[in-house]
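The structure appears below as structure tokens.
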Amino acid sequence: MQFFGGTEISPSPPVPTASGNNAHMMYVFNRNGVCLLYREWNRPLKTLSPQQDHKLMFGLLFSLKSLTAKMDPTSVDKGNLGVPQLPGQGCSFHSFRTNTYKLSFMESPSGIKIILVTHPRTGDLRDSLKYIYNLYVEYVVKNPLYSPGTLIRSELFNKTVDQYVRGLG
Amino acid sequence: MAPAAPKSGDVIFASVDRVNAELFTLTYGAIVRQLITDLEEVEEVNKQLDQMGYNIGVRLVDEFLAKSNVSRCVDFRETAEVIAKVGFKMFLGVTASVTNWDAEGTTCSLILEDNPLVDFVELPDTCQGLHYCNILSGVVRGALEMVSMKTEVTWLRDMLRGDDIFELQVKLLKQVPEEYPYKDDE
């Protein structure tokens with residue numbers, strides 16, 4: 001495991017296989033920073049408690065979003081860094097890549113954030129995230145026994161997401 | 001770039017599963033009927049319908065966003081147009097029009113000439129104060145609240161009360177900025 005330096009990763013992670021299995025983990029947050037769902041498929045190294053981990057991830061996204069909006073060279077109208085923005089205001093990012101993983105991010109105007117961490121060489125996952133959002137609508141939001149804002153405990157949703165993510169190239 | 005938001009809900013309406021319109025209308029009627037029996041006061045029924053609509057709205061908005069490909073609206077004017085043209089068509093099968101904007105662009109009216117909820121309905125003398133379609137105002141309020149717009153939604157005209165159209169006034173109270181939700185820094 002290597003944290004800094006080195007353009008090449010050693011040992012380099014396996015090249016993504018056509019058969020999938022490239023996803024490490026997935027988070028779903030709502031606007032209030034509640035982690036509605038956390039799925040993990042391949043994560044050998046854990047250094048934080050789940051609560052700290054979720055909080056850190058949400059904080060990272062929040063700060064990064066505010067930073068990307070601040071750096072936007074095309075927009076005249078931008079507030080100071082850290083000043084709260086209206087939802088939908090400013091630009092946002094959809095993924096970033098390190099030498100060991102790629103993080104893809106989607107946020108709906110209703111504040112649902114879906115984060116998928118995958119192998120660094122996976123392609124554009126924006127449509128996949130949108131598809132997962134659709135799954136969330138079908139299996140979670142439409143379930144009358146689910147109360148919005150609470151943790152998602154749906155076997156069916158988990159199973160469908162697992163199956164879908166396993167097939168990602 | 002994000003795909004352009006649809007100008008109407010026709011395509012989505014055609015692609016989603018639908019139920020028989022009469023079943024829908026009569027089911028809604030049965031709910032209102034039961035509420036009147038349970039709550040007795042017409043005012044209470046209005047409140048309850050609004051609350052039920054709100055609860056629907058906070059969920060409905062996600063389905064709307066997921067299926068309509070609407071990513072963001074630049075201002076409240078566009079929001080109102082999208083609700084009227086795409087939202088109403090998608091979920092109710094009818095299209096509303098937007099009029100009566102005030103000078104600040106924060107208040108407008110959604111006009112419904114056709115409303116599937118009120119087929120077969122006539123208000124009896126005992127229920128004159130009833131806003132039969134109050135569930136719709138709740139839905140709009142709930143859905144907008146989830147995209148950070150606090151609104152006040154009221155019925156100005158109601159065909160069941162002898163008006164020629166349904167007029168739903170939507171007033172934008174404030175837009176809530178996104179804030180970092182955790183208070184403590186540990």
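Chain A is the first sequence line, chain B the second, and so forth, proteins listed ahead of strands; every chain is numbered from 1. The structure displayed is predicted, hence computed values, not measured ones.
- Within the 4.5 angstrom heavy-atom criterion, no atom of A/Tyr131 approaches chain B.
- Looking at A/Glu107, only its side chain comes within 4.5 Å of chain B, counting heavy atoms on both sides.
- Side-chain contact check for A/Lys142 versus B/Arg59: every heavy-atom pair is 4.5 Å or farther apart.
- In this view, A/Phe58 and A/Phe29, B/Tyr182 satisfy the ring pair (Phe, Tyr, Trp, His ring centres under 6.0 Å) rule, not counting sequence neighbours.
- Considering only heavy atoms from C-beta on, B/Glu63 stays 4.5 Å or farther from A/Val141 through its side chain.
- By the criterion of side-chain heavy atoms lying less than 4.5 angstrom apart, applied directly or through intervening Ile, Leu, Val, Met, Phe, Trp or Tyr residues, A/Phe96 is grouped together with A/Phe62 in one hydrophobic cluster.
- Contacts of A/Asn30 with chain B are absent, with no heavy-atom separation under 4.5 Å from either backbone or side chain.
- Note that the CG atom of B/Asp62 and the CD atom of A/Glu138 stand 11.5 Å from one another [nearest 0.5 Å].
- Atom-to-atom distance recorded for A/Ser63:OG and B/Tyr180:OH is 6.5 Å, nearest 0.5 angstrom.
- Cluster annotation: B/Phe166 and B/Val94 are assigned to the same hydrophobic cluster (Ile/Leu/Val/Met/Phe/Trp/Tyr, side-chain heavy-atom contacts under 4.5 Å, transitive).
- Contact annotation: the side chain of B/Ser148 approaches that of A/Arg31 to within less than 4.5 Å [non-hydrogen atoms, C-beta and beyond].
- At least one side-chain heavy atom of A/Lys130 sits under 4.5 Å from a side-chain heavy atom of B/Asn69.
- Residue B/Val86 is not grouped with residue B/Phe13 when hydrophobic side chains (ILVMFWY) are merged at heavy-atom distances under 4.5 angstrom, including chains of intermediate members.
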